[in-house]
Amino acid sequence: MAETLGPPLELRDRAGRPLADIVVVESPTALAHEAGELFAQAAADAIDRRGRFMVALAGGATPRGLYACLAAEPFLGRVGWPRTWIFFGDERCVPPTDRNSNYLTAHEALLAHVPVPSGQIFRIPGEAARPALAAAEYDRMLRTVFEPEPVRFDLALLGLGIDGHVASLFPGAPALEERDRLVVAVETRAAVVPNRITLTLPVFNAARRVLFLAAGVEKARPVADALRNAASPSPAARVRPIDGTLTWVLDRAAAGSLG
Ligand code: 6PG
């Protein structure tokens with residue numbers, strides 16, 4: 001059963017309203033189910049209001065449990081998969097068959113098991129010979145798919161790196177300061193796969209709902225830094241939806257430094 005911690009004071013807006021909900025659960029399994037519930041609620045709300053659910057999936061390993069949970073009952077039957085449109089928050093510059101591919105992770109755990117029309121799955125071509133060109137094309141695609149509305153995801157899923165990175169936005173990276181482009185190619189020495197394509201902060205901060213997932217004691221420090229230190233330069237601390245909700249679902253270990 002999820003136990004919810006009140007949001008830290010530093011995350012309140014000027015009117016004193018909490019900017020983030022922190023949900024602490026007992027285990028990675030409970031985290032997957034809690035996140036599944038939030039995913040299903042976001043989907044139902046979006047489909048009711050706008051006829052479709054636009055979601056950006058997170059990469060890395062943490063969301064695997066969520067994806068497997070969504071591919072099984074009750075979420076398999078609850079989520080409006082035929083009206084769901086799948087995008088990716090970032091991708092490593094590897095082929096979609098590579099074990100490091102975020103698309104492969106999502107495909108194996110979720111997309112191969114749910115009835116999302118293939119024309120509604122927008123993979124970032126990590127195999128592209130020119131990542132910057134692929135990023136520009138993904139940027140154009142997003143603007144086209146969302147028009148005449150601005151690019152605004154109903155839900156953006158994010159994991160958290162131990163250095164506080166989100167998607168492929170790493171500490172100190174110029175991409176963190178990007179204000180106009182929605183998608184950029186980056187190169188980092190901080191990751192196994194150095195070349196990546198990533199959505200930028202303006203996209204995440206335009207989302208209606210941002211949902212962070214973090215589990216494990218190694219995430220306790222970056223979680224506390226992102227949530228307790230309003231002046232933190234951490235990329236995670238800069239995810240602040242302008243007109244949307246921010247929820248962190250943590251297991252007890254990852255919440256261990258929140259106090
Ligand atoms: C990526 C992810 C990245 C990930 C964090 C956490 O492509 O690597 O987008 O931002 O979410 O590195 O990864 P884990 O969940 O594997 O700890």
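Just follow the structure's listing: the first ligand is 1, and inside any ligand the first atom is 1.
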Got a sec: does the CZ of R49 have more than 12 other heavy atoms crowding it under 6.0 Å? no

Does one side chain, of D225 or S232, offer a donor that lies under 3.5 Å from an acceptor on the other? yes

Note the single closest protein heavy atom to atom 13 (O) of ligand 1, along with its residue, its atom name and the distance in Å. G60 CA, 3.9 Å

Atom 15 (O) of ligand 1 - nearest protein heavy atom and its distance: T62 OG1, 2.6 Å

In ligand 1, which numbered atoms sit nearer than 4.0 Å to a non-hydrogen atom of R92? 1 (C), 7 (O), 8 (O)

Does R209 pair with D45 as a salt bridge, N-O distance under 4.0 Å? yes

Under 3.5 Å: donor-acceptor pair, side chain of N205, backbone of R240: yes

Whether E91 lies under 4.0 Å from ligand 1, heavy atom: no

Atom 5 (C) of ligand 1 has as its nearest protein heavy atom H165 NE2, 3.5 Å

Heavy-atom distance under 4.5 Å between the side chains of Y138 and F122, does that happen here? yes

Out of curiosity, does L104 fall in the hydrophobic cluster containing I86 (side-chain heavy atoms, cut-off under 4.5 Å, transitive links)? no

heavy-atom search around atom 6 (C) of ligand 1 in the protein gives L160 O, 3.4 Å

Considering non-hydrogen atoms of the protein only, which is the closest contact for atom 9 (O) of ligand 1, and what is the distance? D90 OD1, 2.8 Å

Is there a heavy atom in K219 that sits closer than 4.0 Å to ligand 1? yes

Between P222, G89, A61, which one has a non-hydrogen atom sitting closest to atom 14 (P) of ligand 1? A61

Donor-acceptor under 3.5 Å (E178 side chain, V184 main chain): no

Using a 4.0 Å heavy-atom threshold (strictly under), name the region of N102 that reaches ligand 1: side chain, backbone, both or neither. side chain

Regarding atom 3 (C) of ligand 1: of the candidates G159, G65, A167, which has the closest heavy atom? A167

D90 and T198: side chain donor to acceptor below 3.5 Å: no

